[in-house]
Amino acid sequence: MTDRELMQAAQDARNYSYCPYSNFRVGAALLTKSGNLYMGCNVENAGYSATNCAERTAIFKAVSEGEREFEAIAIVGGRTGETAPFTAPCGVCRQVIAEFCPADFKILLGTPENFKAYTLGELLPFSFTSDNL
Ligand code: THU
């Protein structure tokens, strides 16, 4: 699967976003080392703090299916009917990614037409991991 295809999968995942409070649809597509694809969307809640981001939805789906080795994740966001040029993963999602992925893990951000690859180390330097315990 190409980076472009992974970005398109993240865009497609936005279709299932449940976001009646923010109207901000986020999709994530997580590629495993074994070649499987897990998609996720944000799932909001009337008790706002219970909201789950798209990235965590994808990661928790994968981990709950026995996958822990990941190749890359793509993230696309934007208000309903639009695609934002760039949607960064929130701090909590970066921390969850750091639980399972090394510093060179690839994170694709932007739109399917115009995106850039970052590493987890770039987005979450000096992270707190099990190595610190
Ligand atoms: N959101 C994500 O799904 N991923 C992020 O990393 C940033 C924020 C969602 C949460 C909420 O449903 C909406 O975007 C607005 O914050």
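Atoms within each ligand, like the ligands themselves, are counted from 1 in listed order.
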Q: For E55, take its heavy atoms, then give the atoms of ligand 1 lying under 4.0 Å from any of them.
A: 2 (C), 3 (O), 4 (N), 5 (C), 6 (O)
Q. Between N52 and ligand 1, is there a nitrogen or oxygen pair with a distance under 3.5 Å?
A. no
Q) When rounded to the nearest 0.5 angstrom, what is the spacing between CZ in R94 and SG in C101? A) 14.0 Å
Q.
Side chains of L123 and L109, heavy atoms from C-beta outward: is any pair under 4.5 Å?
A. yes
Q. Which protein heavy atom lies closest to atom 9 (C) of ligand 1, and at what distance to 0.1 Å?
A. N42 ND2, 3.7 Å
Q: For atom OH of Y16, decide whether the heavy atoms of other residues, nucleotides or ligands shown that lie under 6.0 angstrom number more than 12.
A: no
Q) What do you reckon, does C53 have a nitrogen or oxygen under 3.5 Å from a nitrogen or oxygen of ligand 1? A) no
Q: Quick one: look up the protein heavy atom nearest atom 11 (C) of ligand 1 and list residue, atom name and how far away it is.
A: E44 OE2, 3.3 Å
(Q) Among all protein heavy atoms in this structure, tell me which lies nearest to atom 3 (O) of ligand 1, with the distance rounded to 0.1 Å. (A) A54 N, 2.9 Å
Q: Could you list the atoms of ligand 1 found under 4.0 angstrom from a heavy atom of S22?
A: 13 (C), 15 (C)
Q: May I ask whether M7 and L31 are part of the same hydrophobic cluster, defined by side-chain heavy atoms of I, L, V, M, F, W, Y residues being less than 4.5 angstrom apart, directly or through others?
A: yes
Q: Looking only at distances, please establish whether an N/O atom of ligand 1 is found under 3.5 Å from an N/O atom of C90.
A: yes
Q. For atom 16 (O) of ligand 1, is the nearest protein heavy atom closer than 4.0 Å?
A. no
(Q) Pairs of nitrogen or oxygen atoms closer than 3.5 Å, one from T51 and one from ligand 1: do any exist? (A) no
(Q) Within the structure, is a non-hydrogen atom of A88 found at a distance of less than 4.0 Å from ligand 1? (A) yes
Q: May I ask you to list the atoms of ligand 1 that are less than 4.0 angstrom from any heavy atom of V26?
A: 1 (N), 2 (C), 3 (O), 4 (N), 9 (C), 14 (O)
Q: Please state whether P89 comes within less than 4.0 angstrom of ligand 1, counting heavy atoms only.
A: yes
Q: Measure the acute angle between the ring planes of Y48 and Y21, then classify it against the limits of 30° and 60° as parallel, tilted or perpendicular.
A: tilted
